[in-house]
J.: 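I'd like to ask you about the structure that follows.
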Amino acid sequence: MADVLARLANRAPSNTERLPGQLDLEDAIAEKVAAEAAGAARLAIGANGGPRLDERDIDVVARIARAQYGELWIGKIGVEIGVDHRQIRRWLAGKGTPPPTVLSCVRLQARSHAARILRSREE
């Protein structure tokens with residue numbers, strides 16, 4: 001047994017083994033390229049990746065609803081939160097703004113939607 005351990009301790013590492021602190025060059029290059037691409041994407045939108053500070057409440061509603069329902073979101077989110085689709089279109093056109101309760105309802109509805117999806121995966 002001691003002989004086997006001595007041989008293992010003295011052998012040279014294979015091509016696939018890494019020594020402690022050793023870095024794989026291909027992995028390092030891939031990480032660097034991915035980080036540069038992410039940085040370029042953030043700069044392209046003019047920010048650090050967060051939502052725009054001047055975003056209207058209806059734009060937030062649109063972003064959340066579009067993520068849930070796709071391009072036909074206006075009628076579907078209207079039914080979910082009890083707002084007529086024509087009113088949503090008026091807000092999108094800049095004719096008035098939704099009351100704060102609408103944004104709260106949309107966020108709550110989105111969380112409920114996500115919870116239903118997660119529960120369905122567990123069944």
J.: Can you tell me which residue pairs pass the ring pair (Phe, Tyr, Trp, His ring centres under 6.0 Å) test with a partner in residues 56-114, sequence neighbours excluded?
T.: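 Non-adjacent pairs meeting ring pair (Phe, Tyr, Trp, His ring centres under 6.0 Å): Y69-H113.
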J.: Kindly indicate, with the supporting measurements, whether the criterion side-chain contact (heavy atoms from CB on, under 4.5 Å) is fulfilled by T97 and D57.
T.: CA-CA 7 Å; T97 60; D57 284 348; 6.0 Å; no
J.: At what distance, to the nearest 0.5 angstrom, does CG of L92 lie from CD1 of I74?
T.: 5.5 Å
J.: Run the side-chain hydrogen bond (donor to acceptor under 3.5 Å, both in side chains) test on S112 and R116 for me, step by step, so that the C-alpha distance in whole Å, both residues' side-chain angles and the decisive distance to 0.1 Å come before the verdict.
T.: CA-CA 6 Å; S112 173; R116 283 192 309 267; 3.1 Å; yes
J.: Write down the atom of E55, the atom of D59, and the distance for their closest heavy-atom approach.
T.: CG-CB, 3.5 Å
J.: For the CG atom of L108 and the OG1 atom of T101, what is their distance to the nearest 0.5 Å?
T.: 12.0 Å
J.: Measuring from L103:CG to I81:CD1, what's the distance to the nearest 0.5 Å?
T.: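 L103 CG to I81 CD1: 9.5 Å, rounded to 0.5 Å.
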J.: Q68 and Q109: side-chain donor and acceptor closer than 3.5 Å?
T.: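 There is such a pair (donor and acceptor under 3.5 Å, judged by atom type) between the side chains of Q68 and Q109.
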J.: Look at atom CZ of R111 and say whether more than 12 heavy atoms of other residues, nucleotides or ligands are closer to it than 6.0 Å.
T.: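 12 or below, so no.
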J.: Give, for atom CZ of R90 and atom CD1 of I58, the distance between the pair rounded to the nearest 0.5 Å.
T.: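 R90 atom CZ to I58 atom CD1 measures 12.0 Å (nearest 0.5 Å).
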